[in-house]
Amino acid sequence: MVQAEALTMAIRKCTLSALVWLLSVSPWVQASPSDIANQGLGENIAPCSSCHGAHGEGNAAAGFPRLAGLGAPYLEAQLDAFASGARGNAVMQPIASALSTDQRSAMATYYSQLPTEGAQASKGQSDNPPDTGAELAEHGRWASDIPACVQCHGPAGVGVGEHFPALAGQPAAYLAGQLRAWRNGKRPGGPMGLMASIAAKLDESDIKPVAQYFAAQSPAPAKGLDHE
Ligand code: HEC
Ligand code: HEC
């Protein structure tokens with residue numbers, strides 16, 4: 001009897017140490033958000049930093065958006081939308097669906113807490129008269145029921161709270177791509193369908209200049225974060 005008990009104990013111990021070992025070697029269990037950001041995870045998840053930059057600052061030349069300092073609920077909703085396919089993107093879809101729900105949430109929090117200092121306005125991209133985009137951004141076009149973008153995205157598009165993402169300094173091609181995605185039904189409308197209905201009223205002659213206008217604005221430092 002005593003022997004049987006000892007054996008059970010031994011087996012339990014083995015199972016436990018096997019579990020502990022498994023936890024320590026398994027990247028799927030152990031990887032922290034910063035590991036995933038900088039080293040990737042397994043075969044399906046390339047390091048986020050390889051496209052979004054070492055500090056989540058984005059890559060203007062390649063059109064990869066900045067993630068640093070955007071609201072966590074916004075980022076998480078985007079990752080979930082990529083994972084479900086509601087937001088269509090051939091690059092992000094496989095990455096987001098390889099992450100678990102918890103990992104998507106953790107990545108969103110991680111990037112929301114990075115400061116925006118690394119991000120820069122994408123200068124010299126505008127080949128449109130500077131006023132076209134600025135007019136729409138700052139005043140909207142009331143005749144077509146288009147409110148000023150800055151009403152929701154903040155002065156110069158620096159972003160407001162957790163749900164109105166910054167546009168300032170994002171690559172122009174990325175911003176234009178998102179407006180087209182809403183027009184083509186490739187991206188969910190977002191809170192109250194606000195952006196889907198605004199994008200529906202824009203045409204190509206609006207999209208490019210307004211995207212270039214915001215790309216050329218300086219991203220402000222993230223609120224309440226003093227890392228330096
Ligand atoms: C191979 C390049 C690449 C890698 C690696 C990558 N991304 Fe992306 N990411 C993109 C591109 C391109 C877009 C823009 C997609 C679009 O146009 O809708 C994007 C968009 C996003 C967005 C939406 C941003 C917004 O403003 O709406 C989030 C969030 C995001 N990525 C998170 C991540 C995370 C987290 C990782 C790592 C687990 C990651 N990405 C890895 C290329 C990449
Ligand atoms: C009534 C509020 C409102 C107004 C006005 C508004 N937006 Fe938005 N915008 C939003 C919301 C909310 C989101 C986030 C959508 C989501 O969660 O998917 C957004 C997201 C975006 C994005 C995607 C950013 C990213 O990181 O992917 C772009 C681009 C954009 N808006 C451009 C514009 C432009 C250009 C205008 C002016 C013509 C404008 N918005 C006016 C509410 C607004």
Side-chain angles (χ1 to χ4, degrees), residues 27-28 30-125 157-159 162 165-182 184 186-188 190 195 207-208 211-212 214-219 221-222 225 227:
W28 290 273
Q30 276 282 301
S32 72
S34 110
D35 289 342
I36 297 179
N38 298 302
Q39 291 150 38
L41 188 61
E43 286 179 4
N44 297 320
I45 305 170
C48 321
S49 62
S50 63
C51 294
H52 293 285
H55 308 287
E57 72 273 25
N59 180 331
F64 300 143
R66 157 163 75 95
L67 307 178
L70 299 189
Y74 171 77
L75 291 173
E76 185 173 350
Q78 301 317 305
L79 288 170
D80 290 347
F82 286 129
S84 74
R87 179 169 171 184
N89 182 262
V91 177
M92 279 308 300
Q93 219 161 314
I95 293 174
S97 47
L99 293 167
S100 69
T101 312
D102 287 349
Q103 285 169 332
R104 291 198 291 270
S105 171
M107 294 315 294
T109 305
Y110 172 79
Y111 278 112
S112 74
Q113 291 173 346
L114 293 187
T116 54
E117 273 93 278
Q120 293 202 330
S122 329
K123 296 215 169 63
Q125 291 196 353
V158 295
E162 296 189 317
L167 307 178
Q170 291 287 31
Y174 171 75
L175 295 174
Q178 300 314 302
L179 295 169
R180 292 185 193 115
W182 274 305
N184 302 331
K186 294 268 166 60
R187 181 170 169 167
M195 274 315 297
I207 287 176
K208 226 179 146 194
Q212 287 174 336
F214 282 115
Q217 305 303 310
S218 274
L225 287 167
H227 286 246

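We count residues from 1, following the sequence as given. Computed from a prediction, not measured in an experiment: that's the story for all the values here.
For the pair A176 and A211, the tightest heavy-atom approach, listed with the atom from each and the gap, is N-CB, 3.8 Å. Here the closest non-hydrogen pair linking A215 and P171 is CB-C, 4.3 Å. Looking at every heavy atom in both residues, N89 comes nearest to P94 through O-CD, 4.3 Å. For P65 against H52, the heavy-atom pair with the smallest separation is O-ND1, 2.9 Å. In terms of heavy-atom proximity, S50 sits nearest to A46 at OG-CB, 4.4 Å. A108 approaches A72 most closely through the heavy-atom pair CB-O, 3.5 Å.
Distance alone, capped at 3.5 Å, is enough to place a donor-acceptor pair between the R66 side chain and the A168 backbone. Looking at S112, its side chain never comes within 3.5 Å of a backbone N or O of G71 through a donor-acceptor pair.
For the pair L67/L114, no side-chain contact is recorded, criterion being any heavy-atom separation below 4.5 Å from C-beta on. For the pair L175/Q212, no side-chain contact is recorded, criterion being any heavy-atom separation below 4.5 Å from C-beta on. Between F82 and I95 the shortest side-chain heavy-atom distance does not fall below 4.5 Å.
With rounding to the nearest 0.5 Å, the separation of CD in E57 from OG1 in T116 is 11.0 Å. Atom CZ of R180 sits about 8.5 Å away from atom NZ of K208, to the nearest 0.5 Å. From S100, atom OG reaches atom CE of M107 across 11.0 Å, with rounding to the nearest 0.5 Å. One finds the CD1 atom of I207 at 11.0 Å from the CH2 atom of W182 (value rounded to the nearest 0.5 Å). Here the OH-OG distance, from Y111 to S34, works out to 9.0 Å after rounding to the nearest 0.5 Å. Taken from SG in C48 to CG in L41, the straight-line distance is 9.5 Å, to the nearest 0.5 Å.
In terms of the salt bridge (Lys or Arg N to Asp or Glu O under 4.0 Å) criterion, residue partners of R104 (sequence neighbours excluded) are, by chain and number, D80.
Residue pairs that meet the salt bridge (Lys or Arg N to Asp or Glu O under 4.0 Å) test with at least one member in residues 44-54, sequence neighbours left out, do not exist here.
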